[in-house]
Amino acid sequence: MSLSILPATPDRWDDLCELFDNKGAYSNCWCTWWRLANKEFSEASPAGRKALLQALVDSEVPPGLLAYRGGEPVGWMSLGARETFPRLQRSTKLKPVDAEPVCSVVCFFVHKSARRVGVAGALLEEAESYAARAGFPMLEGYPVEGKRRPSELFTGSTELFESHGFTEVGRRGGRPIVRKTI
């Protein structure tokens, strides 16, 4: 399968909306769950979350990557400096394992027509280039383990990360923190 992976830039906003089917991916989150504190997320409307994501896409630093197959958007990955994700900063289970600067991979969304064909893996591979261009020495992820429904795999699976050379560097409360040096 031939995929193109491109940064989520303003000229690709409509593609992201098409991929999310104007429903905001999972439960109208618009991929802002990690980017807002719990209270802020709860108080934000779906339109407010969408506006936040659009503002991030319109910023100088793309907040993620889009996967295209045959010119159609089929996948998304949210990533960026760990500090840009308040939930990570406040989490007791996912708090930093050290002071190393990392590019955090926090979310995947793959269209149901493109699941199980390598879209998430291709996004993860391109994340290495993205992080290297941004000056990060490593990528970090927060996957889930075991068999899950697709909607529960939004952070990726341990198998996905391990198959791309990530290793576990921490675990608090059962959830692994994985890294790959770039």
Side-chain angles (χ1 to χ4, degrees), residues 7-10 12-13 16-17 19-20 22-66 75-110 120 123-124 126-128 130-145 148 151-158 160-161 166 168-182:
T9 53
R12 297 187 183 98
W13 171 249
L16 186 53
C17 290
L19 175 64
F20 285 179
N22 283 311
K23 295 177 184 171
Y26 302 111
S27 302
N28 270 308
C29 75
W30 286 96
C31 214
T32 60
W33 193 81
W34 292 101
R35 294 184 185 271
L36 295 169
N38 193 43
K39 183 177 180 186
E40 295 170 322
F41 184 84
S42 296
E43 291 175 353
S45 67
R49 295 179 198 138
K50 181 178 181 180
L52 172 59
L53 182 58
Q54 184 170 15
L56 291 167
V57 168
D58 287 343
S59 71
E60 289 186 36
V61 179
L65 301 170
L66 282 164
W76 155 260
M77 170 196 281
S78 180
L79 74 167
R82 182 185 176 91
E83 301 78 43
T84 63
F85 301 105
R87 260 185 220 271
L88 287 178
Q89 298 302 96
R90 293 184 176 128
S91 172
T92 57
K93 293 179 182 177
L94 300 176
K95 66 183 177 184
V97 296
D98 55 32
E100 291 292 322
V102 298
C103 181
S104 293
V105 175
V106 297
C107 195
F108 294 86
F109 180 81
V110 177
L123 285 162
L124 198 50
E126 183 57 31
E128 290 183 49
Y130 174 99
R133 286 190 305 271
F136 290 100
M138 63 188 75
L139 283 171
E140 187 171 271
Y142 319 95
V144 293
E145 296 180 298
R148 303 289 181 126
S151 63
E152 296 173 318
L153 290 171
F154 67 94
T155 59
S157 68
T158 52
L160 170 67
F161 282 94
F166 285 72
E168 187 172 321
V169 295
R171 181 183 292 256
R172 299 178 197 97
R175 188 171 197 163
I177 298 171
V178 296
R179 282 188 180 166
K180 182 175 185 179
T181 301
I182 300 171

Taken in chain and number order and not counting sequence neighbours, the residues that satisfy side-chain contact (heavy atoms from CB on, under 4.5 Å) with Ala25 are Phe20, Phe109
inquiry  = I'd like to know if the side chain of Arg35 pairs up with that of Ser78 as donor and acceptor (distance under 3.5 Å, no hydrogens or angles considered).
reply    = yes
Nearest heavy-atom contact between Val102 and Met138 is CG1-CG, 3.4 Å
Hey, does the side chain of Ser59 reach the backbone of Leu56 with a donor-acceptor pair shorter than 3.5 angstrom? yes
Ring pair (Phe, Tyr, Trp, His ring centres under 6.0 Å) filter on Trp34, not counting sequence neighbours, yields none
Those residues at least two apart in sequence (or on a different chain) that pass side-chain contact (heavy atoms from CB on, under 4.5 Å) with Pro143 are Thr158, Phe161, Pro176, Val178
Between the side chain of Ser27 and the main-chain N/O of Cys29, is any donor-acceptor distance below 3.5 Å?
no
CG of Leu139 to CD1 of Ile182, rounded to nearest 0.5 Å, is 4.0 Å
Hits for ring pair (Phe, Tyr, Trp, His ring centres under 6.0 Å) against Tyr142, two or more places apart or cross-chain, chain-then-number order -> none
- With a 4.5 Å heavy-atom cut-off, do Met77 and Cys107 have their side chains touching? no
Test your reading of the model: is there a side-chain donor-acceptor pair from Arg179 to the backbone of Phe166, 3.5 Å cut-off?
no
Residue set satisfying salt bridge (charged side-chain N to carboxylate O under 4.0 Å, His left out) with Lys95, at least two apart, ordered chain then number -> none
CZ of Phe41 to OG1 of Thr32, rounded to nearest 0.5 Å, is 5.0 Å
Sorted by chain and residue number, the side-chain contact (heavy atoms from CB on, under 4.5 Å) partners of Leu160 (sequence neighbours excluded) come out as Phe108, Ala120, Leu124, Ser157, His164
The side-chain hydrogen bond (donor to acceptor under 3.5 Å, both in side chains) partners of Thr155 (sequence neighbours excluded) come to Arg175
By side-chain hydrogen bond (donor to acceptor under 3.5 Å, both in side chains), Asn38 pairs with (sequence neighbours left out) Arg87
Sequence neighbours excluded, the answer for side-chain hydrogen bond (donor to acceptor under 3.5 Å, both in side chains) partners of Glu100 is none
Sequence neighbours excluded, the answer for salt bridge (charged side-chain N to carboxylate O under 4.0 Å, His left out) partners of Arg12 is none
Discussion item. Using 30° and 60° as the class boundaries, would you call the ring planes of Phe154 and Trp33 parallel, tilted or perpendicular?
Written reply: perpendicular
dist Leu53:CG -> Asp58:CG (nearest 0.5 Å) comes out at 9.5 Å
Residues at least two apart in sequence or cross-chain that pass salt bridge (charged side-chain N to carboxylate O under 4.0 Å, His left out) with Glu168, listed by chain then number, are Arg171
Shortest non-hydrogen pair, Pro96 vs Arg82, comes out as N-NH2, 3.0 Å
Is a side-chain N or O of Glu126 found less than 3.5 angstrom from the main chain of Leu123, in a donor-acceptor match?
-> no
OG of Ser104 to CG of Leu79, rounded to nearest 0.5 Å, is 8.5 Å
Nearest heavy-atom contact between Pro62 and Thr9 is CG-CG2, 4.2 Å
In short, Phe136 meets Pro101 closest at the heavy-atom pair CD2-C, 4.2 Å
By salt bridge (charged side-chain N to carboxylate O under 4.0 Å, His left out), Lys180 pairs with (sequence neighbours left out) Glu128
So NZ of Lys50 and SG of Cys31: to nearest 0.5 Å the spacing works out to 14.5 Å
